[in-house]
Enquirer: 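Please find one structure pasted underneath; my questions will follow.
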Amino acid sequence: MQVRTRFAPSPTGMLHIGGVRTALFSWLYARRHGGVFILRIEDTDRERSTEEATQVILDGMKWLGLDADEGPYYQTKRMDRYREVIEQFLASGHAYRCYCTKEELEAMRNQQLAAKQKPRYNGTCRNRKEPRPGVEPVIRFKNPLDGTVVVEDAIHGNVVFDNAELDDLIIARSDGTPTYNFCVVVDDMDMKVTHVIRGDDHLNNTPRQINMLRALGAPTPVYAHVPMILGADGAKLSKRHGAVSVLQYRDEGYLPEALLNYLVRLGWSYGDQEIFTLEELQRVFDIHDVNKAASAFNPEKLLWLNQQHIMRAAPERLGKLLRPQLEALGIVCEDEGKLARVAKVMQERAKTLKEMAANSRYFFEDVQKYDEKAAKKNLTAEAVAALRLSGDKFAKLEQWNATSIHAAVAEVASELGVGLGKVAQPLRVAITGSAASPPIDVTLEVLGQEATLRRIECAIGYIESAAG
RNA sequence: GCUCCCAUCGUCUAGAGGCCUAGGACAUUGCCCUCUCAAGGCAGUAACCGGGGUUCGAAUCCCCGUGGGAGCGCCA
């Protein structure tokens with residue numbers, strides 16, 4: 001039997017990392033088993049669904065590379081089908097019209113709550129024969145009154161629910177529109193979903209869905225209720241830490257494979273391995289190995305993983321991704337070769353592409369302003385000799401590469417009788433404006449001879465004017 | 001309130017009764033490497049929620065607490 005999984009977000013809020021992780025698990029499981037991954041947009045709540053949220057889902061999935069084999073399906077386009085099944089339920093006696101008013105329901109609720117009972121519909125209209133004038137009825141599913149439902153969950157094992165705990169849920173509102181739990185059932189059946197992987201906040205909905213599936217004579221899928229993601233403080237995920245659009249991670253300079261790698265390790269592990277490529281994950285991921293407990297989102301580990309993936313990424317690709325980050329800083333560079341060279345020397349010293357861009361300015365524009373502390377320490381009167389001699393030697397270099405530059409710097413140091421640092425640091429500040437950069441030789445190589453000489457002159461001028 | 005779920009370092013996790021003096025990773029501290037910043041290497045601090053069982057033996061199995069979470073909508 002072919003595995004068919006689905007990701008079924010509702011576009012009522014922005015797709016965030018919690019949703020992405022369930023999507024990832026579903027996608028991985030389908031890929032691992034050569035199955036089909038379906039994307040379904042659950043937009044039956046027209047009030048709260050937004051075009052923007054739908055677009056974020058689509059763009060986010062695309063950015064992450066979680067490609068769907070089928071869909072996106074939209075529930076709002078399947079209304080005729082839902083009506084058809086409701087009619088079928090009504091005809092078969094699995095559902096009935098309920099004429100209780102919202103006020104009556106509300107009163108019942110309050111009464112039950114006051115009596116410390118679980119609020120449930122009491123079944124008043126279950127056997128009603130005649131309509132009630134003046135009331136547009138809702139349609140309820142006739143849930144079995146006794147017996148138990150066992151949810152066979154791939155993560156939690158068997159979870160048993162008493163039917164007596166369940167009530168007759170509304171499957172169609174008085175305006176005729178179908179409700180969530182019902183639509184899910186019809187969709188999962190029609191789309192032949194074999195594995196329902198979703199957040200464990202849905203575990204309680206599952207027995208109702210199984211009962212409806214049975215009433216339809218449809219097979220029950222394998223369920224896997226994955227634990228939720230908590231905020232860094234252990235509380236519910238909020239905007240402060242992670243409940244933001246996934247696209248924000250792209251804009252902040254995260255690599256999709258890093259975000260995915262981070263999320264997959266939340267509740268899942270494979271020995272002691274921390275860093276995975278997507279190809280590896282597709283090979284080794286198994287939903288049965290997912291933990292039961294919720295886990296807290298840790299931005300620092302995400303940052304570390306992002307850096308690890310940046311270090312492993314191809315410079316050409318990083319260069320392309322660096323470009324928009326630089327543009328956000330007002331730096332335009334169309335030279336892809338140079339962008340790749342910069343990325344190559346910067347890739348093990350940036351946790352995000354955004355940070356890489358911010359620390360790469362000097363490769364693209366002359367130094368506007370020296371870092372105060374760095375200048376005070378390194379752009380001193382004593383440093384002038386080293387700068388001047390370096391400049392002279394650099395000017396004479398015919399081969400401009402790290403090896404020749406390194407040799408020149410070493411010569412300066414030995415001729416002046418000082419350590420390498422006494423030459424490299426002033427150069428670094430002169431060239432980059434700061435005390436931190438890749439090794440001075442590769443930095444200068446990427447920068448180019450002309451700009452190097454210009455900036456050395458500039459720094460000497462700065463020192464002399466500061467002294468005078 | 002009722003039902004369901006969950007519980008190992010600060011965080012993510014390994015752990016399927018003896019391999020546990022509880023392992024790895026992030027973070028943190030120190031050291032090494034070093035032209036700076038990183039990266040990397042080495043070392044350190046740090047956990048089985050509590051109580052009862054079962055067993056020769058429990059982080060692992062059972063029960064009861066406690067704590068956290070979810071659901072109980074004409075929301076999804």
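Labels below follow one simple rule: chain letters A, B, ... track the order of the sequence lines, proteins then strands, and each chain is numbered from 1.
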Enquirer: Report, as a single string ordered 5' to 3', how protein heavy atoms within less than 4.0 Å touch nucleotides 25-36 of chain B: B base, S sugar-phosphate only, - not at all.
Expert: BSS-------BB
Enquirer: Report the base-pairing partner of B/G50 (Watson-Crick or G-U wobble, both distances below 3.5 angstrom), or none.
Expert: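 By the stated definition (distances under 3.5 Å), B/C64 pairs with B/G50.
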Enquirer: Assign A/Phe161 to base, sugar-phosphate, or nothing according to its heavy-atom contacts below 4.0 angstrom with the strands shown.
Expert: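 Sugar-phosphate: the residue A/Phe161, judged by heavy atoms under 4.0 Å, touches backbone atoms but no base.
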Enquirer: Could you measure between the two C1' atoms, the one in B/A27 and the one in B/C12, and give it in whole Å?
Expert: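 After rounding to an integer number of Å, I get 11 Å for this pair.
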Enquirer: Sort out the partner of B/A25 for me: Watson-Crick or G-U wobble, both distances under 3.5 Å, none otherwise.
Expert: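 Pairing partner: B/U11.
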Enquirer: State the pairing partner of B/U55; accept Watson-Crick or G-U wobble contacts with both distances under 3.5 Å, and report none otherwise.
Expert: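 When the pairing criteria are applied, nothing turns out to pair with B/U55, so the answer is none.
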Enquirer: Would you mind pulling out the nucleotide paired to B/C19, Watson-Crick or G-U wobble, both distances under 3.5 Å?
Expert: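 Base-paired to nothing in any strand shown.
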Enquirer: Under a 3.5 Å cut-off for both distances, is B/C4 Watson-Crick or wobble paired, and to whom?
Expert: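 WC or wobble partner is B/G69.
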Enquirer: Return the pairing partner of B/U34 with a 3.5 Å limit on both distances, Watson-Crick or G-U wobble; otherwise return none.
Expert: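 The base-pairing partner of B/U34, which may sit in any strand shown, does not exist here.
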Enquirer: Taking atom P of B/C5 as reference, at what distance in whole Å does atom NE2 of A/His202 sit?
Expert: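 That distance rounds to 17 Å.
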Enquirer: Using a strict heavy-atom distance below 4.0 Å, which residues from residues 72-83 of chain A are in contact with RNA chain B?
Expert: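 None, since no heavy atom is under 4.0 Å.
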Enquirer: Heavy atoms within less than 4.0 Å of RNA chain B: which residues of residues 101-118 of chain A have one? Give them sorted by number.
Expert: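 Listed by number, they are A/Lys102, A/Arg109, A/Lys116, A/Gln117, A/Lys118.
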Enquirer: Which one is paired to B/A39, where only Watson-Crick or G-U wobble pairs with both distances under 3.5 angstrom count?
Expert: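 B/A39 is unpaired by these criteria.
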Enquirer: By the 4.0 Å heavy-atom rule, please label A/Gln307 as base, sugar-phosphate, or nothing.
Expert: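 Touches sugar-phosphate only.
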